[in-house]
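What follows is a short report on a single structure.
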Amino acid sequence: MALTVAALALPTTGWAEKRTFDMTIEDTKITLVDKQQFHTFAFNGQVPGPLIHVKEGDELTVNVNNLTTLPHTIHWHGMLQKGTWRMDGVPDTTQAAIKPGDTFTYKFVAEPSGTMWYHCHVNVNEHVAMRGMWGPFIVDPKQPTPIEKKVTKDYIMMLSDWASKYAFKPGYGGVPGDVFDYFTLNGKAFPDSQPLRVNKGDVVRIRLIGAGELTHSIHIHGHVFKVAFKDGRPLPMPYEADTIMVGPGERYDLILTADNPGRWMVHDHVDSHTMNGDKPMGGLMTVIEYNEISRNDAFYAWKDKKFVPDFYYEESLKKPYGLHDAPGFKGQAVQ
Amino acid sequence: MALTVAALALPTTGWAEKRTFDMTIEDTKITLVDKQQFHTFAFNGQVPGPLIHVKEGDELTVNVNNLTTLPHTIHWHGMLQKGTWRMDGVPDTTQAAIKPGDTFTYKFVAEPSGTMWYHCHVNVNEHVAMRGMWGPFIVDPKQPTPIEKKVTKDYIMMLSDWASKYAFKPGYGGVPGDVFDYFTLNGKAFPDSQPLRVNKGDVVRIRLIGAGELTHSIHIHGHVFKVAFKDGRPLPMPYEADTIMVGPGERYDLILTADNPGRWMVHDHVDSHTMNGDKPMGGLMTVIEYNEISRNDAFYAWKDKKFVPDFYYEESLKKPYGLHDAPGFKGQAVQ
Amino acid sequence: MALTVAALALPTTGWAEKRTFDMTIEDTKITLVDKQQFHTFAFNGQVPGPLIHVKEGDELTVNVNNLTTLPHTIHWHGMLQKGTWRMDGVPDTTQAAIKPGDTFTYKFVAEPSGTMWYHCHVNVNEHVAMRGMWGPFIVDPKQPTPIEKKVTKDYIMMLSDWASKYAFKPGYGGVPGDVFDYFTLNGKAFPDSQPLRVNKGDVVRIRLIGAGELTHSIHIHGHVFKVAFKDGRPLPMPYEADTIMVGPGERYDLILTADNPGRWMVHDHVDSHTMNGDKPMGGLMTVIEYNEISRNDAFYAWKDKKFVPDFYYEESLKKPYGLHDAPGFKGQAVQ
């Protein structure tokens, strides 16, 4: 009983609701880390894009207004689009791309459930690989699995890569041979990423989404996790690991029990992905901080860290179903 | 009953037949896409090589005549070679390489069953990675699994990569640091690849073979597939996914039910692998076209596409067991 | 009964023993292959580092003396560090890095069991990716699985990558875009690696450890193996394969029955990883040699090979529990 109370109380209104969302695509300058900025084509002016959190079977209408100077679409990665293939968001295959200034309306049913994402499907080598055109799309299941019912902390981590050479050359970049030299968690590199703050006893779900060009080998210290979902679908036989390879387009949901108070690294084991340009000890790194443990060791890189909640959408995921902008991910408009 | 009738009628003569094949290796110029040509060492003058389709337990004799100016072998990737290790095709380990002009005869039993392939084992960094020295080798099982008995459409996709810098420098290339800038499905990049044309109700098997240097993250739109076989062997517990990483040498057999009429992308989610050189929207991409859906949308890139069947060996796989050349994959002889 | 006798007789003294080890970190020159040398920061002056072989639950004390001119730590990859998070070896998170000349003492319980490893966690892009700062750490389980009880030959293979440009620039290298051009098995590239010599009837365990920057696709000829463990943890449903992708930080334990006398390649199917610089037929390659088969074919690259046992720690793993230096991996001290 106590466990049930502690678990995330999901909104429990009826299924198959109709929901309408408005989205824009905007020329937006974001900061990856320190002084490294990047010109993106940002959904609602933020990278990652806003969280879309709905229920399996919901009927969605999304009006997308392209405010940039290049054509785009939105592909809803993982959605079956049963009977609605023209809503799949692929230029020259399911639709003509959305021209600058135009609006396109996507209408489809949220099916199947799981950790999904959305992204542009025009010139993916540039728009997805280094213009930040992606966001999380979580579809709650009608019938949760036993393991996910126990979750008390739910985090989303979108993994991506950036080639600084093209930071301010929108319309270019992402060609074979390009050197990707920045690596981010939800658009930020260490030390400008945020910790995951947990309590002993939490059941933690980490939803990894391979949103960029490269493959990442995510290692979590101090815990063995269960690999519970692949591409949103429950694995028939979850298995244990401490490191998981996440390729472009893939999603893995990891579930672990927070039973080991301490300060634990979460990082990419591809060694060069912990660089910010040519500077070591950055990139795809963060820390699981147990609230039971003091953070004031003199040696701790984050001892004076200003904690910004919702960096992993953990607060947004508790809100009522809908589309949730995240002020922390907003960039600056580019004229 | 209807399903059984619809399923692929496999040739059903007795097992453990003796079969003899002749193969050549020829200097051959092929076209990857548009004007991008490549000098290959092609089995029977084609890339991919001819389909070898036999039954588990068949006794095979393959006479290989090397008509190029460099040494080669054939390794039968996945074959156990029980009691015939000298037929394994590894230069300087199981045999001396086949010199220019010479013939070598491989004799072995086709075991185990599954999606296998063959390739040269001399200087693999060049010969396998960018000279097209590979072909599909399908061994039908004595006892098919329930899931594969339902298949009505059977496709083979060999994934590979090319460094155009070496297109016409045979004997060179494939060294660390080389930039691979073309990416192909059965030797062709989009838009010169071919669609997969299916009917509603088909049970589709896609046999992915990682034949090149790089890892590919294959995503299929509009369907959840079962990952049913790994390296030809049935998985004890198939799992669902919409994206699958295929590394060099690996094979994955995906099985999906065609229950969603539409036009659906199949592509590599490594973003830069959808480039042809520096041109976007090419590379490792194709479309599943349901025959129920008209193809004449003005925006459709393939609305005037000349359909060439058997591009995925789907017709050859229905022929009697044997070695099947594919005229569509033939290149031009190089003097 | 016979099988039990043939299986590796593990040391069987009581559990939860206390063990104390001393380790140094030393500027050391090693040879990867032929004349290609590399400046490393070597644990006990060897690459890979010494084998640590203990039992689940053992209480370990490791005194680490940094004799180099740069700061380091040791992270015990896979160890839970229950209640001992300050022993996790992450600079600026769990401890201050060990300064040149200083000693740090790690105290922790060996838990969980399985194929683990240890490595520096300072500037991993250089220290792990190309300074050889890693070694094997095997924790035997209290309750072995049925499959591992049958093992008669136990091998460890650490996979790593090197960028020769930085061979003699300690303190530099491992930045995005670097070209890795040497690829090693336990620090040696073919032909300077060693064969695995087995007898018909052996049950062979190969413990693959992804210790470097890159992903490797390991293919074994002539056998189908079971993938039995991932990151030290038993898979609930082992599966068959002939090729396995091993990413940075990952471990896979393969188990195969030696039932096919012959000479069989084990190699990376990433084609360019079989190069030594720009020279083909090197890199991540070795051969399983059955003792039943003569090695004197004129064409055999290793017909005159001087066999050096324990290259895969197969002899050290039979010794009493402890830390075992391997003279064969020692390099030369660098002043």
Side-chain angles (χ1 to χ4, degrees), chain A residues 75-97 111-112 114 116 119 121-130 161 172-178 180 210-215 229-237 239 245-251, chain B residues 161 163-164 177-183 191 215-219 221-225 227 236-247 259-265 267-283 285 287 289-290 293 297-303:
Chain A
H75 168 61
W76 314 92
H77 188 123
M79 289 295 96
L80 289 177
Q81 300 286 4
K82 278 259 179 90
T84 54
W85 66 268
R86 287 173 186 276
M87 299 292 120
D88 197 42
V90 182
D92 307 327
T93 299
T94 68
Q95 69 172 99
E111 183 196 8
M116 308 297 173
H119 61 83
H121 222 291
V122 176
N123 292 9
V124 292
N125 61 293
E126 185 206 356
H127 295 198
V128 177
M130 64 175 82
D161 323 292
Y172 298 90
V175 300
D178 276 347
F180 287 76
E213 165 79 11
L214 303 177
T215 295
F229 296 81
K230 158 79 172 116
D231 299 347
R233 307 282 68 220
L235 283 173
M237 187 70 80
Y239 61 94
M245 294 268 283
V246 185
E250 290 194 306
R251 290 88 69 209
Chain B
D161 323 293
S164 61
D178 277 347
V179 174
F180 288 75
D181 53 355
Y182 285 81
F183 313 93
T215 295
H216 303 282
S217 191
I218 303 300
H219 174 45
H221 288 211
H223 303 80
V224 169
F225 52 75
V227 184
M237 188 70 80
Y239 61 93
E240 294 183 334
D242 60 39
T243 307
I244 181 87
M245 294 268 283
V246 185
D259 59 1
N260 194 9
R263 206 178 284 154
W264 304 106
M265 294 291 291
H267 68 97
D268 193 343
H269 226 292
V270 178
D271 300 308
S272 69
H273 294 180
T274 58
M275 305 285 280
N276 296 331
D278 58 4
K279 199 177 148 205
M281 303 305 271
M285 301 205 309
V287 178
E289 293 179 345
Y290 277 69
I293 301 295
D297 285 302
F299 61 74
Y300 186 31
W302 273 355
K303 75 177 183 318

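All chains are named by letter (A, B, ...) in the order of the sequence lines, taking the proteins before the strands, and each is independently numbered beginning at 1.
Taking 4.0 Å as the cut-off between side-chain N and carboxylate O, A/D88 and B/R263 do not count as a salt-bridged pair.
Heavy atoms only, all atoms of each residue included: B/F299 and A/T93 are closest at CE1-O, 3.3 Å. Of all heavy-atom pairs spanning B/Y239 and A/P236, the tightest one is CB-CD, 3.8 Å. B/M245 and A/G247 make their closest contact through SD-CA, 3.5 Å (heavy atoms, listed as atom of the first residue, atom of the second, distance). In this structure, A/P176 and B/G277 approach most closely via the heavy-atom pair CD-O, 3.4 Å. Residues B/T243 and A/P248 approach most closely at CG2-O, 3.7 Å, considering heavy atoms. Residue A/W85 comes nearest to B/I293 through the heavy atom pair CZ2-CG2, 3.5 Å, listed as atom of the first residue, atom of the second, then distance.
Counting heavy-atom pairs closer than 4.5 Å to chain B, the top-ranked of the candidates A/V175, A/N123, A/D178 is A/N123. Residue with the most contacts toward chain A among B/D268, B/V287, B/V224: B/V224 (heavy-atom pairs, distance under 4.5 Å). Heavy-atom pairs under 4.5 Å with chain B peak, among A/Q81, A/Q95, A/M79, A/M237, at A/Q95. Ranked by heavy-atom pairs under 4.5 Å with chain A, the list B/D181, B/T274, B/V179, B/V270 is led by B/V270. The choice from B/P261, B/A241, B/G283, B/A298 that makes the most heavy-atom pairs within less than 4.5 Å of chain A is B/A241. The greatest number of non-hydrogen atom pairs below 4.5 Å with chain B, out of A/T94, A/T215, A/L235, is found for A/T94.
Within the model, atoms CD of A/E126 and OG of B/S272 stand 13.0 Å from one another, a figure rounded to the nearest 0.5 Å. A distance of 12.5 Å separates NZ of B/K279 from CG of A/N125, quoted to the nearest 0.5 Å.
Side-chain contact annotation: B/S217 with A/E250, donor-acceptor N/O pair under 3.5 Å absent.
Of the two parts of B/D297, only the side chain, counted from C-beta on, holds a non-hydrogen atom closer than 4.5 Å to a non-hydrogen atom of chain A. In this structure, the portion of B/H223 lying under 4.5 Å from any heavy atom of chain A is its backbone and not its side chain. If you measure heavy-atom distances from A/V128 to chain B, the contacts under 4.5 Å come from both the backbone and the side chain. Using a 4.5 Å cut-off between heavy atoms, B/M275 contacts chain A through its side chain alone, with no backbone atom that close. Looking at B/Y290, there are no atoms closer than 4.5 Å to chain A (heavy atoms on both sides), in backbone or side chain. If you measure heavy-atom distances from B/I218 to chain A, you find no contacts under 4.5 Å at all. Looking at B/F180, the atoms closer than 4.5 Å to chain A (heavy atoms on both sides) all sit in the backbone: N, CA, C or O.
Judged purely by atom type and a 3.5 angstrom limit, A/E213 uses its side chain to pair as donor or acceptor with the backbone of B/D271.
Using a 30° and 60° split on the angle between ring planes, B/H267 and A/H121 fall in the perpendicular class, above 60°. The aromatic rings of B/H221 and A/H75 lie parallel to each other, their planes meeting at an angle below 30°, with 60° marking the opposite boundary.
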- request: Could you go through the side chain to side chain contact (heavy atoms under 4.5 Å, CB included) check for A/V122 and B/M281 one step at a time?
  value: CA-CA 8 Å; A/V122 176; B/M281 303 305 271; 5.7 Å; no
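Checked against salt bridge (charged side-chain N to carboxylate O under 4.0 Å, His left out), B/E240 has the following partners two or more places apart in sequence or in another chain: A/R233.
Crowding of B/D278 atom CG: a count of heavy atoms from other residues, nucleotides or ligands under 6.0 Å not exceeding 12.
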